[in-house]
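Side chains are part of it too, since the values below use all heavy atoms of this structure and drop only hydrogens, waters and symmetry mates. We name chains A, B, ... by the order of the sequence lines, and we start the count at 1 in each one.
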Protein chains: 2
Amino acid sequence: MALEHAILVSLLERPGSGYELARRFDRSIGRFWTATHQQIYRVLRRMEADGWVAAQEVAQDGRPDKKVYSAAAAGRSALADWLREPVEPETVRHELAVKIRAAAFDDPAALISEVERHRDGHAALLARYLHGEQRDFPDLTALDTCQELQHVVLRGGIEYERMTLAWLDDVLATLRRLAADRPS
Amino acid sequence: MALEHAILVSLLERPGSGYELARRFDRSIGRFWTATHQQIYRVLRRMEADGWVAAQEVAQDGRPDKKVYSAAAAGRSALADWLREPVEPETVRHELAVKIRAAAFDDPAALISEVERHRDGHAALLARYLHGEQRDFPDLTALDTCQELQHVVLRGGIEYERMTLAWLDDVLATLRRLAADRPS
DNA sequence: ATTGCCTATGCAACTCGTTGCATAGCAGGA
DNA sequence: TCCTGCTATGCAACGAGTTGCATAGGCAAT
């Protein structure tokens, strides 16, 4: 279970409320680790009970109060312990790949618009990554350790999107060829 | 929920027992959709109750009996319905990426051997994919629709592994540079 | 001889993750 | 004015997924 650890890393990079964490998971972190606000609130409460994080109530005007969490010493040492354990290879749940193989038993042409939709989504995400890179890392020669590591993870995201985009174009070409060969 | 659909596709490609399906999920399918034998047995029973699959008991000598499942008409039409629904973008749970960002708050050098382990795993998987491609698709000019689609998914797997391999080399270079810059 | 692994299925208990809903004040547009 | 959407947190119920264990015969190696 790594949601705790992902939250700890995010809080070490910057303290924040459950709501803010949920938004971070929708953005930068969310593309290599997803979580809903429900999970995050639940885990934060458990982590607070375990002394991994400390909470501070912050009153705001014009908005509901919030609880700002920050990583505690116990959380930091738990993170260090976890870093020394081996992790499993990443699990992939690639529903679209299942659909592509399923198309053999139905109409391959019917899948084209769906694949195009995914292609466009990945293209948009790649653009957002590249834009975020420009904004957050304007000078790549002057990064501290934390930023270096954030940037190498971002590079992974960028390469993943580029690769996926090229693959989805390949998938589209294949589907179009099959649709032309055997019109239903 | 797509485990049902992944199982249906696998059974349409070839009927098999729960055990055999579990092994297929460990191999080809398993890299874009994971499932344990527990899940598979449970879902198969539900699918049988819903008339999506039909089971046939097969006695074997020297081995326990097995129940060979095959996709039924109702399952096939359920699959066709599902193909026409949009799917969510794939979810990624990339624990190693969390660790890389976590390394900023501990010792980056301590992560090197872990990343090397992952790198070697991905290299081995890429080799297995390429070997499987040679074996299962010796003549790329003579494929039926089902094989065309299997192959385009395999190409995706191969490209994913290549990209991951290159990225992990980038990560290793970054970690080594950080370790040299600031020795702990 | 015993140990360990492979085939083949399954139960029980648990944790993880999702979905729907609820509260509640404020801001902005039709 | 009403409706939608944002900030901020939370409960309850459900479904998905994991882990540990159990059975049970056969096969291969130590």
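Using a 4.0 Å cut-off on heavy atoms, none of the residues of residues 75-86 of chain B approach DNA chain D.
Looking at Arg14(B) and Arg24(B), their side chains come closer than 4.5 Å, going by heavy atoms from C-beta outward.
Residue order along DNA chain C, read from the 5' end via each residue's closest nucleotide, puts Glu20(B) first among Glu4(A) and Glu20(B). Mapped onto DNA chain C by nearest heavy atom, Gln39(A) and Val68(B) fall at different nucleotides, with Val68(B) at the one closer to the 5' end.
The aromatic rings of Trp52(A) and His5(A) sit tilted, their planes meeting at an angle between 30° and 60°.
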Enumerate the protein-to-nucleotides 24-26 of chain C contacts in which both atoms are nitrogen or oxygen and the separation is below 3.5 Å.
none

Would you tabulate the pairs of protein nitrogen or oxygen atoms and nucleotide nitrogen or oxygen atoms of nucleotides 11-15 of chain D closer than 3.5 angstrom?
residue: dC11(D); atom: OP2; partner: Arg45(A); partner atom: NH1; Å: 2.7
residue: dC11(D); atom: N4; partner: Gln38(A); partner atom: OE1; Å: 2.7
residue: dC11(D); atom: N4; partner: Gln38(A); partner atom: NE2; Å: 2.1

Walk me through whether Glu20(B) and Arg23(B) qualify under salt bridge (charged side-chain N to carboxylate O under 4.0 Å, His left out). CA-CA 5 Å; Glu20(B) 282 165 347; Arg23(B) 306 197 69 225; over 6 Å; no
Go through the steps to decide whether Glu48(A) and Lys67(A) satisfy the test salt bridge (charged side-chain N to carboxylate O under 4.0 Å, His left out), and finish with yes or no. CA-CA 11 Å; Glu48(A) 192 183 2; Lys67(A) 281 171 83 174; 3.7 Å; yes
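Phosphate proximity of dT9(D) to Tyr41(A): present, with a side-chain N or O under 4.0 Å from OP1 or OP2. Of the side-chain N and O atoms in Ser17(B), none sit less than 4.0 angstrom from OP1 or OP2 of dT7(C). Side-chain nitrogen and oxygen atoms of Tyr19(B) include none within less than 4.0 Å of the OP1 or OP2 phosphate oxygen of dT9(C). For Arg93(B), no side-chain nitrogen or oxygen approaches OP1 or OP2 of dC16(C) to under 4.0 Å.
A side-chain donor-acceptor contact under 3.5 Å links Thr174(A) to the backbone of Asp170(A). Arg45(B) places no side-chain N or O within 3.5 Å of a backbone atom of Ile40(B) that could act as its donor or acceptor partner. The backbone N or O of Leu165(A) lies less than 3.5 Å from no partner atom in the side chain of Arg119(A), so there is not a single donor-acceptor pair.
A salt bridge links Asp106(B) with Arg84(A): at least one charged nitrogen is closer than 4.0 Å to a carboxylate oxygen. Using a 4.0 Å cut-off between charged side-chain N and carboxylate O, Lys66(A) and Glu57(A) make no salt bridge. One finds a salt bridge joining Glu4(B) and Arg46(B) here, because a Lys/Arg side-chain nitrogen approaches an Asp/Glu carboxylate oxygen to under 4.0 Å.
Looking at the side chain of Thr36(A), the nearest of the listed nucleotides dT19(C), dA16(D), dT9(C) is dT19(C).
For the pair Arg155(B) and Trp167(A), the cation-pi test (distance below 6.0 Å, angle within 45°) is failed.
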